[in-house]
> 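What follows is a structure written as structure tokens; I'll ask about it next.
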Amino acid sequence: MTDTPSLPEGYEISTDPARVDAGRVHHWLSTDAYWALGRPREKQDRAIEGSLNFGVYDTVSGEQVAYARVITDRATFAWLCDVYVDPSVRGKGVGTALVAAVREELRQYGVRRVLLATHDAHGVYEKIGFAGLERPGDWMALLFDQ
């Protein structure tokens, strides 16, 4: 996949961690994201601190309207997670452009594999080049009680 969808007019993407509205991201994820419901603020702040963060911002107000987080060694592997688009801008292509920007950022590091998990957004990720695992039986997980 080589197409890079662009953001709609009036939005910009940044990887500057100082621009992340951590309170807003925590609210989005802990109240509206099935994978992070109830996540404590302190845990979300640690996740942000230890990750490569992408934000989409309104160019006029500066307000953050979308977020994505990547856990990576910036050499061989990356895990894309916590992708969230504010309901007020959904359907405008913001999420697709955000994930494409993540892909391009990781491509420059020479990362071999980027993984993610989703229950309901396969179509968004497929547009960017993601596909189901070729051999899902090779993968394992270690889960701790929460």
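Throughout, residue positions are numbered sequentially from 1 according to the sequence presented. Predicted, not measured: the structure shown is a model, and the values here were computed from it.
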> Do you reckon Y109 sits in the same ILVMFWY cluster as V114, going by side-chain contacts under 4.5 Å, direct or chained?
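Same cluster: Y109 reaches V114 through Ile, Leu, Val, Met, Phe, Trp or Tyr contacts under 4.5 Å.
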
> Do V85 and Y67 touch side chain to side chain, with heavy atoms closer than 4.5 Å?
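No, side chains not in contact.
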
> Measuring only between side-chain heavy atoms, which start at C-beta, is E63 closer than 4.5 Å to Y57?
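Counting from C-beta outward, E63 and Y57 never come under 4.5 Å.
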
> Ignoring hydrogens, what is the shortest heavy-atom contact between A22 and R41? Give both atom names and the distance.
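Reported closest heavy-atom pair: CB-NH2, 3.5 Å.
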
> Would you mind reporting whether L52 and E105 have side-chain heavy atoms less than 4.5 Å apart?
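The answer is yes; the side chains approach within 4.5 Å.
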
> Please determine which of D82, D86, D21 meets the side chain to side chain donor-acceptor pair (under 3.5 Å) test together with W28.
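Going through D82, D86, D21 one by one, the side chain to side chain donor-acceptor pair (under 3.5 Å) with W28 is satisfied by D86 alone.
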
> Report the distance from atom CZ of R74 to atom CD of Q108, rounding to the nearest 0.5 Å.
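Taking CZ in R74 and CD in Q108, the distance rounds to 9.5 Å.
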
> Looking only at heavy atoms, which two atoms of A100 and P5 are closest? And how far apart?
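Where A100 meets P5 most closely, the heavy atoms are CB-CD, 3.4 Å.
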
> To the closest 0.5 Å, what do you measure between CG (L80) and OG1 (T72)?
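Separation between the atoms: 11.0 Å.
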
> For a quick test of reading the model, state the closest non-hydrogen atom pair linking V89 to V94 and the distance between them.
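For V89 versus V94, the nearest heavy atoms are O-CG2, 4.2 Å.
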
> Can you check whether Y34 reaches T118 side chain to side chain, under 4.5 Å on heavy atoms?
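Result yes, sub-4.5 Å side-chain heavy-atom pair found.
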
> Taking the side chain as C-beta and beyond, is there a heavy-atom pair between V25 and Q44 under 4.5 Å?
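Yes, their side chains come closer than 4.5 Å.
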
> Any idea which heavy atoms bring L142 and F144 closest together, and the distance?
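Minimum heavy-atom contact is CD2-CZ, 3.8 Å.
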
> Between R90 and D32, is a salt bridge (charged side-chain N to carboxylate O under 4.0 Å, His left out) present by the stated rule, with each step listed?
CA-CA 14 Å; R90 289 183 187 163; D32 192 40; 3.6 Å; yes

> Step by step, would you call S30 with R39 a side-chain hydrogen bond (donor to acceptor under 3.5 Å, both in side chains)?
CA-CA 5 Å; S30 68; R39 182 182 290 167; over 6 Å; no

> How many angstroms lie between atom CD1 of I13 and atom CD of E104, to the nearest 0.5 angstrom?
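The CD1 atom of I13 sits 10.5 Å away from the CD atom of E104.
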
> What's the separation between atom OG1 in T59 and atom CG in L7, rounded to the nearest 0.5 Å?
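Those atoms lie 10.0 Å apart.
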
> Should W35 and W139 be counted in the same cluster of Ile, Leu, Val, Met, Phe, Trp and Tyr side chains packed under 4.5 Å apart?
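No, W35 and W139 fall in different hydrophobic clusters.
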
> Between D16 and R19, is the salt bridge (charged side-chain N to carboxylate O under 4.0 Å, His left out) condition met? List the steps.
CA-CA 6 Å; D16 179 356; R19 289 189 71 184; 5.7 Å; no

> Is there a continuous path of hydrophobic side-chain contacts, each under 4.5 Å between heavy atoms, that joins I48 to V102?
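I48 and V102: separate clusters.
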
> Quick one, F130 and R103 - any side-chain contact, counting heavy atoms below 4.5 Å?
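F130 vs R103: side chains apart.
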
> How about T76 and R112: does a side-chain donor come under 3.5 Å of a side-chain acceptor?
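Not at all, the side chains of T76 and R112 share no donor-acceptor pair under 3.5 Å.
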
> Taking side chain as C-beta onward, heavy atoms only, is F54 less than 4.5 Å from L98?
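Yes; the side chains approach each other to less than 4.5 Å.
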
> Looking only at non-hydrogen atoms, find the nearest pair between A33 and Y84 and report the distance.
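Looking at all heavy atoms of both residues, the closest pair is CB-CD1, 4.4 Å.
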
> Is there a donor-acceptor contact under 3.5 Å linking the side chains of Q64 and R24?
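No donor-acceptor contact under 3.5 Å links the two side chains.
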
